[in-house]
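The structure appears right after this line, and notes come after that.
Throughout, protein chains are lettered first and strands after them, A, B, ... in sequence-line order, and every chain is numbered starting at 1. Just so we're clear, the structure is a prediction, and the values are computed from it rather than from any experiment.
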Amino acid sequence: MPAPLITLLTDFGSQDPYVGIMKGVILGLCPAARIVDLTHAVIPYRIRQAAFLLEQSWPYFPTGTIHLAVVDPGVGTSRRPLLVEAAGHYFIGPDNGIFSLLDPARVSEIAVTAPPASNTFHGRDIFAPAAARLANGESIARPIADLVRFTPQAATVLHIDRFGNVVTGLQSADVQSITANGTCIQLRVTTYAEAPADELFLIEGSSGYLEIALNQGSAAVRLHLHVGDPLDVLR
Amino acid sequence: MPAPLITLLTDFGSQDPYVGIMKGVILGLCPAARIVDLTHAVIPYRIRQAAFLLEQSWPYFPTGTIHLAVVDPGVGTSRRPLLVEAAGHYFIGPDNGIFSLLDPARVSEIAVTAPPASNTFHGRDIFAPAAARLANGESIARPIADLVRFTPQAATVLHIDRFGNVVTGLQSADVQSITANGTCIQLRVTTYAEAPADELFLIEGSSGYLEIALNQGSAAVRLHLHVGDPLDVLR
Amino acid sequence: MPAPLITLLTDFGSQDPYVGIMKGVILGLCPAARIVDLTHAVIPYRIRQAAFLLEQSWPYFPTGTIHLAVVDPGVGTSRRPLLVEAAGHYFIGPDNGIFSLLDPARVSEIAVTAPPASNTFHGRDIFAPAAARLANGESIARPIADLVRFTPQAATVLHIDRFGNVVTGLQSADVQSITANGTCIQLRVTTYAEAPADELFLIEGSSGYLEIALNQGSAAVRLHLHVGDPLDVLR
C-alpha cells in the first residue's frame with residue numbers, strides 16, 4: 001500500500017513559512033505522508049478561484065488522496081471544519097463554499113479535539129492535524145447533512161494563469177462571442193498553433209472551460225482583466 | 001525510525017534552480033531524506049528576517065529535524081559554518097547571526113573536508129553536504145564556545161506576510177500603541193473577526209509577536225512599511 | 001535501490017496548479033517517485049534560458065535521475081517528444097532545442113500510446129506519464145538519429161538570478177570587458193567580498209559562466225538588462 005498522499009491548496013503565498021509549518025505538523029503526526037503543493041497563489045480570500053483550482057487538480061491524483069484546501073476569510077469565526085468525500089478522494093477545509101464544485105458522496109464535520117493554539121492560523125492548528133490523523137486511518141469527523149455552496153457565476157473571470165490566459169466559468173459549446181471591457185472576441189480555435197499572431201481568441205483550455213487567449217502573449221494584460229471581473233456572453 | 005527530515009530556509013527565491021540544486025546534492029548523499037521548504041523569499045541578505053522566520057517555523061517540526069538556513073551576505077569571506085543543537089533539533093548555516101533567536105544546547109563548527117567548488121554558492125558546496133552527512137549519522141563538527149548574535153531591535157518591522165500583516169519584534173502585553181509613519185494604532189483585538197472594517201489594529205499573531213493588521217487588507221501598504229523600518233512604541 | 005528521482009523544470013510558474021497536476025499524474029503511475037522542482041520561473045517560452053538552467057542543475061543530481069523539462073511555445077504542433085540520455089541521466093521534453101546544451105549518448109522519440117487529453121497541456125498528458133513509465137522501468141521510446149539544437153549566442157544575457165546577477169553565455173577567461181547598454185564593465189574579481197561597494201564587476205559565477213554583478217545590489221536593474229539582451233564583448 002503506497003504512503004498517504006496529501007495535496008495543499010491555499011492563499012498563503014510563498015513568502016512566509018506558513019505552508020512549510022503545515023508540512024511540519026503533518027509530518028510530525030504522519031511521517032510517511034507524501035505532500036504535494038497544488039498552488040499557494042490563490043488571490044487572498046478568493047474562495048471561488050480556490051474552488052476552481054481544486055476542481056482542476058484533484059482528478060489527476062490517485063484515489064484515496066487527501067486534499068487540504070485552506071482559503072478562509074472568516075478565520076476566527078465559527079466556520080465549521082469539513083471533511084468531504086467525493087469519487088474516492090478526501091477533501092479537508094473550512095465550510096465556506098470552497099468545496100462548491102465537488103459532488104460529495106459524504107459530508108462530515110471534523111471533530112476538533114483541542115482548542116486551536118491561535119485564532120488566526122487554522123491551517124496549522126486544525127486542518128493540517130486533521131489531514132494527518134485521517135492519513136493515519138483515524139476517525140476524525142461525524143457525518144452532517146449539508147455544506148455551504150456559492151451560486152455559480154459562469155460569466156466571470158474564474159482565474160488568470162501564468163501565461164495570461166483568462167479562464168471563464170463557461171463550459172458550453174454554444175458561446176458565440178465574449179465581450180470583455182469593450183472588446184468582442186469571437187474567433188474560436190482548438191489549438192494555440194492555429195491562432196493568428198497577435199489576435200485574441202477563444203479556446204477550450206486544458207481546464208475544460210472556455211478561455212480567452214493570445215498566442216504567446218497575455219490576454220489578461222491586453223484586456224485589463226482581473227479575477228472576478230464580469231464578462232458579456234452572446235450565445 | 002522515520003527517514004531524516006531536512007528543512008530549507010534561504011533568500012534564494014524561486015526563479016533560479018539554486019534550491020533544487022541543493023536538494024540534488026542532499027539526495028545524492030542521503031537518498032532517504034525528506035526535504036521541506038520553509039521559505040526562500042527572505043529579502044536578500046536580511047539575516048534578522050531569516051532568524052525570525054526560522055524561530056516561527058522550527059517548533060512545528062518533529063524532534064531530530066535538521067534545519068538548513070542560508071542567508072549569507074558575506075559568502076566568500078571567512079564566515080564559519082555552524083551546527084547548532086537546540087531542543088533536540090539541528091541547525092546548519094553560516095555564523096552571521098542567523099541563529100540569534102535559538103537557545104543552543106551545543107554549538108559546533110562544521111569541518112569542511114574539501115575546498116568548496118565555488119566562492120559564491122556555499123549552500124550547494126558546504127551546507128547541503130553537511131546536512132546530508134549529518135542525516136546519515138556522520139560526525140561533521142567540533143564543539144566551539146560561541147556564535148555570532150545580533151542585538152535585538154524589538155521596535156522594528158521584522159517581517160511582512162503575504163496578507164500585508166506587519167510583524168513587529170514586540171512580544172510584551174503592555175504595549176499601549178504603535179506609531180508607524182505618523183499613524184498611531186491603538187485598537188487591540190484577539191481575532192480578525194472582531195476588527196471593524198477598514199481600520200488598522202494590533203493583534204497577537206500566530207507568530208506570538210504583536211502584528212499591525214487590517215481586516216482583509218494590507219496594513220503594510222496602508223502604512224508604507226517595509227521590513228526593517230523603525231516603529232514608535234508607547235508602553 | 002533508492003526510489004526513482006524526477007526533477008521538473010518548466011515555465012509554468014507557481015500561480016497555477018499545473019506543476020502540482022503533473023506531480024499527481026507521476027505519483028498515480030509511480031507512487032515511489034521522489035520529485036524535486038528545479039524552477040518553474042523560466043520566462044514563458046524562453047527555451048534558451050531553460051536549456052541554461054537545466055545545464056546548471058542536472059550535474060548535481062545522482063546518476064539515473066530523470067529530468068523533465070517542459071518549455072514549449074509550439075504546444076499543439078507536431079513537435080516530437082524526446083527521451084535523451086546523457087552521462088547516465090535521463091531527459092524528457094519537447095524536441096525544440098531545450099536539450100541543446102547536453103552531450104547525448106542516445107536520443108529517442110517517446111512513443112505516445114494514447115492521444116493526449118488536451119492540445120494545450122502536454123506536460124500533463126505526454127511528458128509526466130512518460131517520466132513515470134520510465135521510472136517504472138518501462139520501455140517508452142525508440143532511438144532516432146538527431147534532435148533540434150539552437151545555435152549558440154554567447155554574447156547575450158542567458159539568465160538573471162534572484163540577486164540581479166546577469167549571467168552571460170561567455171565562458172572564456174580572455175574577456176577584457178563587457179559593454180551593456182552603454183556601460184563598460186572591466187573590473188574582474190573572484191569573490192563578492194573583494195568587490196568595492198556600489199561598483200559593477202565581472203565574476204565567474206557558480207554557473208561557470210561569466211556574470212555581471214554588483215555587491216549586495218542588482219546589476220540587472222542598474223544596467224536595465226533583461227534575459228535575451230545582447231552584450232558587446234572585448235577580448
So, the part of B/Tyr45 with a heavy atom under 4.5 Å from chain C: the answer is side chain
Item to complete: Give a yes or no on whether the backbone of B/Ser14 and the side-chain of C/Thr39 come within a donor-acceptor separation of less than 3.5 Å.
Response: yes
If one checks every heavy atom of C/Leu5 against chain B at 4.5 Å, the contacting part turns out to be side chain
CD of B/Gln15 to NE2 of C/His40, rounded to nearest 0.5 Å, is 14.0 Å
Sorted by chain and residue number, the salt bridge (charged side-chain N to carboxylate O under 4.0 Å, His left out) partners of C/Glu85 (sequence neighbours excluded) come out as C/Arg106
Closest non-hydrogen atoms of C/Pro62 and B/Gly24, given as atom of the first, atom of the second and distance, are CD-O, 4.0 Å
The reported gap from CG in B/Leu27 to OG1 in C/Thr65 (rounded to nearest 0.5 angstrom) is 8.5 Å
Practice problem: Check whether any side-chain N or O of C/Arg34 sits under 3.5 Å from a backbone N or O of B/Pro31 as a donor-acceptor pair, and report yes or no. | Solution: yes
Ordered numerically, the heavy-atom neighbours of chain C under 4.5 Å found in residues 135-162 of chain B are none
- Message: A quick test of your reading: do over 12 heavy atoms of other residues, nucleotides or ligands sit less than 6.0 Å from CG of C/Asp174?
- Response: yes
In terms of heavy-atom pairs under 4.5 Å with chain C, the winner among B/Leu29, B/Val42, B/Ile35, B/Ile26 is B/Val42
Separation between OG (C/Ser57) and CZ (B/Arg124), nearest 0.5 Å, reads 10.0 Å
Under 4.5 Å to a heavy atom of chain B? For C/Ile43 that would be neither
OH of B/Tyr18 to OH of C/Tyr60, rounded to nearest 0.5 Å, is 11.5 Å
Ranked by heavy-atom pairs below 4.5 Å to chain C, first place among B/Asp125, B/Asp11, B/Val19 goes to B/Asp11
Check the surroundings of atom OH in C/Tyr90: do more than 12 heavy atoms from other residues, nucleotides or ligands lie under 6.0 Å from it?
no
So CG of C/Leu38 and CG of B/Asp16: to nearest 0.5 Å the spacing works out to 11.5 Å
